[in-house]
Structure formats: structure tokens, C-alpha cells
2 protein chains.
Amino acid sequence: MAVTLHDVARRAGVSIKTVSNVINDRPNVGNTTRALVQAAVEELGYTPNLTARGLRSGRKGALALAVPDLALSYFAELAAAVIETAEAAGVVVLIEQTGASRDREIALLKSPRLNMTDGLIFSPLGMGQEDVEALRVDYPLVVLGERVFDAPTDHVTMHNVAGARAATDHLFSLGRRRIAVVGAHAGEVVGSAGLRLAGYREALAAAGIPFDEDLIGYSELWHRADGANAMRELLSRGVAFDAVFGLNDTLALGAMRVLQEAGRRVPQDVAVIGFDDLDEAPYAIPSLSTVDPGRGWIARTAVGLLLQRIESGGGDAVPQRHLADFRVVARESTVAR
Amino acid sequence: MAVTLHDVARRAGVSIKTVSNVINDRPNVGNTTRALVQAAVEELGYTPNLTARGLRSGRKGALALAVPDLALSYFAELAAAVIETAEAAGVVVLIEQTGASRDREIALLKSPRLNMTDGLIFSPLGMGQEDVEALRVDYPLVVLGERVFDAPTDHVTMHNVAGARAATDHLFSLGRRRIAVVGAHAGEVVGSAGLRLAGYREALAAAGIPFDEDLIGYSELWHRADGANAMRELLSRGVAFDAVFGLNDTLALGAMRVLQEAGRRVPQDVAVIGFDDLDEAPYAIPSLSTVDPGRGWIARTAVGLLLQRIESGGGDAVPQRHLADFRVVARESTVAR
DNA sequence: GTGAAAGCGCTAACAG
DNA sequence: CTGTTAGCGCTTTCAC
């Protein structure tokens, strides 16, 4: 290996600078020289050393994406979209898992590992409002989600409140009135759990239905098993309900599973709606109604924003906030009885 | 930003070499000097420039993982395990998606993008035996799966044939005899589809049951929708069957969905088994029986092997082949009637 | 035990 | 239009 610019230059009988110019197709190079160099590149099988280029130019051609856990479908699908978009721009993606731990999230933000990249797309789950300062970093950063407000960085996020409200309204439109929630985080205000719960409460208030704490199922994480456990607890509590709002699809699927184990028919006895519109939602049994939060748009916007920040040398343009469109996707789990 | 070794050296009143020695905790440095340097590092908030280190030492501290598509749960879960293992070794993971395209896979193998990393863990899906030569690369490479045999590289793979045979035997043990297959690839021999189908045929042969082409459902890809489509086609063909072997869990889940839409009860009318033991398999309705192919072990072994190759300077030790243990996981979708 | 100097492969001035 | 010359920040001989 180790074919360098020098080798190509020697072979083509030109200077290393000219080769560099051809590689980065810069304008000021004669056509014959260009062809000569290109031939040499072919013959020698030259491929630029990205590390050296990165060291010299400061541009690494890589971005980092930090998510809680790739095994969570939502983040896997998000990552797939981010990688696809980045690849189209000739940028590679390095993935970090934080395990939704506040400490690991904060540690990651100042990790030397990041200096292999030009910037970070960060989806925090453990950090909160009190950690705003940790987001004041000296590299391009785009934050996904709404755990932290008034952060000094670009945000791309979804309509958590409005989406949750629409999901709840959808259940109301079927005539359901006792709507259980699965996946709430005790005391949380910011963050997807808090915001979606707020949307649920807004819908309740607008419909004149009192909020009933007994209908709220809590869980730390949002794995399928957490949805199942929360539903088991809800059932064992003996409260009556005719619908369930899973704060995400994974929770909803876990809950749906337990409901059916317990002999409750979905949607006849209990209607179920989730949030995320995972690829698998249409294939659940029954197919799962949900809120499509515009994941693809979010990925594309986040990558675009980050690349733009990188391009502009991280100038301190005023932080932007982008919101994806959402829509309720009605499937079998919320068919009217 | 941009605190360099020089800055630390100046602050500590020592030479840059000494600082470097402390950072990489090399032995030959006095205790007082070491403390002095460490203090300076703290104060200045020095973090090493990994790009420069990579350029100089040749070690980038990164590895690439190439999979067909992160949105496929199997690969998402595999990637999660690889990242976790790599992180424990202080190595970051860069993910490439090939879309299961042969051309993109081959292109990736010689992509300059890879020289940001020390090596590649490669899970091909489009390449075949005729592409062995493309695997003869000059960087450490570990191949996952069995699309290519006699390759000049390390392999980590699963017992596709034996696992599939065990899955089929499990269905036999329930008294099922007409076992449909979902997700076969026409004419494929190597590759997961071909091997798992071979395992199915082995089980058939051992049980003295003739192979019936009518029971084989084909699909190009292994998305949920492909399993659903293959099952729809199988049903429309009107052949009788009392069990289904999904060549992976995703296919099985898609097929199960269609079966129930069509009024076939699982497992009473049709037993269903998959392959992969995805996180979601226990939460399907009914919970999905499957083959656990040892995904975690595969990830750990692949990372270990790659790091070892990298460590040893890519010496041409003889290619190794590692096989994970598997086991059949019986759940509700294959309960005896 | 520590310092000085060279150079990894590339880009970016600045000349010519 | 093309060549020369410095480094980017680090590790690594080789002296001391």
C-alpha cells in the first residue's frame, strides 16, 4: 500500500501540488496535465490518505451520531436514515451509544473520540435542563429532541406535545374515554416522555375529562419489556380503561402483548396507539396505530444543518430550531368497534 | 480549543516528548515529572488529537462495520453489540450500509473511506463465491456469515445449516409434517438463505419426508413486508401446510401477520418458527419461537479477532474460522396443539 | 530519565 | 497554470 501523492507526482512527472489539484478537482490545471495525472492515479491505484487530509485541512469527512441504544428500533431507523443522508454527502458516520445515561452523555460531549469527526448529532435521553452548559461545546453540534431548552445549539425535533395530543384525540374520536398511558417518567417535564404526557393532558383538558393518575403506567426505559411490565402493573391495579396510549411504539407493542395475554381484545376491548411509526408497526397483530413523527425528515434536516455549520466554520450564527411535521396513522389497533 | 502537546510541555516546563510519554503512560518517566505533566494536562484541558496520532502511528482507534441495512433489526442488534464491545476496547465504530448490493459491497472494500479505520467487520449479502478475490485486501478484515468460502480472511459465522435443521426438527417434534419456508432465494447455495434452506432439506431427508417445491416461498429481501408477501403468495397458491419456517425472525413475523389476517390460528393451525432471536421475538403475539444464533458471541469474537489482527500488524497468520453456538428457543408460536 | 529533530501524507500560501 | 515550502499534532528514533 502506501501510494502517496509523491509517488503519483513522480510517475506523472509533475509536482505533488498539481496532483493534489487534480484529486480535489480544482480548476487551475491544464487538460493534458490533468489526464496525465489521472492516468498515474489509475495505474498506481492511489487513494488519498484521509487521516493526513484531516490533520491538514481540519475536515475529517466524518460525523458522529450519539444515540442511547441502537438496539432500540427507533434509533436504529434514525441511524439508518442519517447514514444514508451523510453518505450522499460523502461523509461517514461514527456511532456512539450512551445507554441513556446522563453521565455518559455528558462525558461523550467532551470526549477526545469526537475529534475524529467534524461534528455531532446528539440524541440525549439522560441529560436535563440543568445540563445546558454541557452543550456549550466548541465543535458543530445538532441536538435531537427536547431534553434541553434554550441550548446554545441547533435543535431538530418533533411535535411531541401536538403529536401526543392528536393521538389522544384520535382515541377520543373512537368514543374511548378512559385512556391509560404506558411509559411515563415520574416527574419528568422536558424530554419525550414529559412532553408526550403533556400532550395527553392537553387533549384531556380540551375534552373536559379529568386526569386520573391511576391510568398512568410508569417505566424507566422504553424497551418492549418495559411496556409489558407497565401494562401488567396497570392491569394488576384493577383500574378500568378502554384505550392505551403507548408513549412510543415499542412500549405500545409490549403493552399490547400483555393485554392480549390477559384476554383483552385489541381493539374491541382496548384500543392501542403508539408513537414513532416504526417499520414494524404495520406488521404487528393487530397492526399498530401510531404517530409518524417525520423521522426521515429529521435525519435529513439534522445532517444538512450540521454540514452547513461545518462548512461555515462553526460561525456562531444564531441557533436554529426545526420542527418536523407529524401525522396520526390509523391502523387496526384503533378501529372503531 | 487546540491545546497541543507543546502547550502542555511549555506549561509543565518539560519537553513534548515527556508529555507524550505521560499521556501514553510509558514507564520511563519520573514520578514528580509525571505528576507535573498530569497537572498541566488537567489545567489546560488537553485532549490528544486522534487524527494526528493516527497519521503518525498508523493506528486510528476506529473500525468500520459494514452491514446491509441498519433498519433491519438483526443488523441493528449486531451493530449495538459490536459498538459496545469496541467501546470497551477504546475503539470507535463507523458504520457503512451497503443495501445488500453486490456492487456497493465490492466498491466498499476498496473505498478510501476505510482508511479512516484500522480494519473492517464486513457482513456481505450481495457478493458471492465468484467475488472471493475482492476480499483479498491489504487491511485487517473479518467477514461475517458464509457468502464466500475459502476466502483469504478470518470468518465468524453461525451454524446456519445445523440451526435450520434443528428448527425444522423442532416443528417435526410437534407432529407437523407440511412445513412451508418463507424467504428462500432462488438458486442460492451459499449465503444464509441457501444454507438455512439446506438445513431444512437435511431435516426433511432425515425424517424421510419428500421436499415439496410448492412449500417454498421466495423473497428478494428479508424485510417484514417480504415475509408478508411471500406468505400471501403461498396462501394464494392454495397449498396445504401446518407449519412455517421463516428463514429469519423478521420474515416469520411478517408471515405470521398474514396468516392471522387469513384466519389461520398460530400455533393451532400453523406453527411458526424464525431464526435470529431478535429482542422483539418474545413480545410478538404469539411470542415467536426461533433459533438463537449467538449474535452477542459473534460480535465479541469478530471485534476481538479484528483487534488482534490489527495488533499483530496484519501479519498473514492463517485465516481463522469461528462458529457460534446456537440453540432453539421454543415459545408460543410452536406450542403443541 | 529527558530533549531535539525528523517526518507520517496532505493542503495551503506564495512564488514563478 | 505549476512548483516550493511550510507546517497540521503527534510518535519515534537517537542523543544526551
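From a predicted model like this one, the values you see are computed outputs, not experimental measurements. Each chain gets a letter, A, B and so on, in the order the sequences are listed, and its residues count up from 1.
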Using whole Å, report how far CZ of R34(A) lies from C1' of dT2(D).
13 Å
Interatomic distance where NE2 belongs to H6(A) and C1' belongs to dT5(D) [whole Å]:
11 Å
How would you label the contact of L50(B) with the nucleic acid (heavy atoms, under 4.0 Å): base, sugar-phosphate, or nothing?
nothing
Between S20(A) (side chain) and I16(A) (backbone), is there a donor-acceptor pair under 3.5 Å?
no
Rounded distance in Å - CG (L5(B)) to P (dG9(D)):
10 Å
M116(A) CE - dG9(D) P separation (whole Å):
17 Å
Counting the atoms with a prime plus P, OP1 and OP2 as sugar-phosphate, which does T51(B) contact under 4.0 Å by heavy atoms, base, sugar-phosphate, or nothing?
nothing
DNA chain C: R56(A) or T33(B), which has the more 5' nearest nucleotide?
T33(B)
Please give, in whole Å, the distance from dG7(D) P to L55(B) CG?
17 Å
Within the pair N49(B) and dC8(D), is there a side-chain N or O less than 4.0 Å away from OP1 or OP2?
no
Reading DNA chain C from 5' onward, which residue's closest nucleotide shows up sooner: A52(B) or N31(B)?
N31(B)
Here the distance between atom P of dG7(D) and atom CZ of R53(A), to the nearest Å, is 22 Å
With a 4.0 Å limit, can you tell me whether S20(B) has a side-chain N or O closer than that to the phosphate oxygens OP1/OP2 of dT11(D)?
yes
Quick one: N21(B) CG to dT12(D) C1', roughly how many Å, whole number?
10 Å
Atom CD1 of I16(A) to atom C1' of dT4(D): distance rounded to whole Å?
10 Å
Taking heavy atoms of chain B and a 4.0 Å limit, find me the 5'-most and 3'-most nucleotide of DNA chain C within that range.
dG1(C) to dG9(C)
Under 6.0 Å from the CD atom of E130(A), do we count more than 12 heavy atoms belonging to anything else shown?
yes
Hey, is the main chain of T4(A) close enough, under 3.5 Å, to the side chain of N49(A) for a donor-acceptor pair?
no
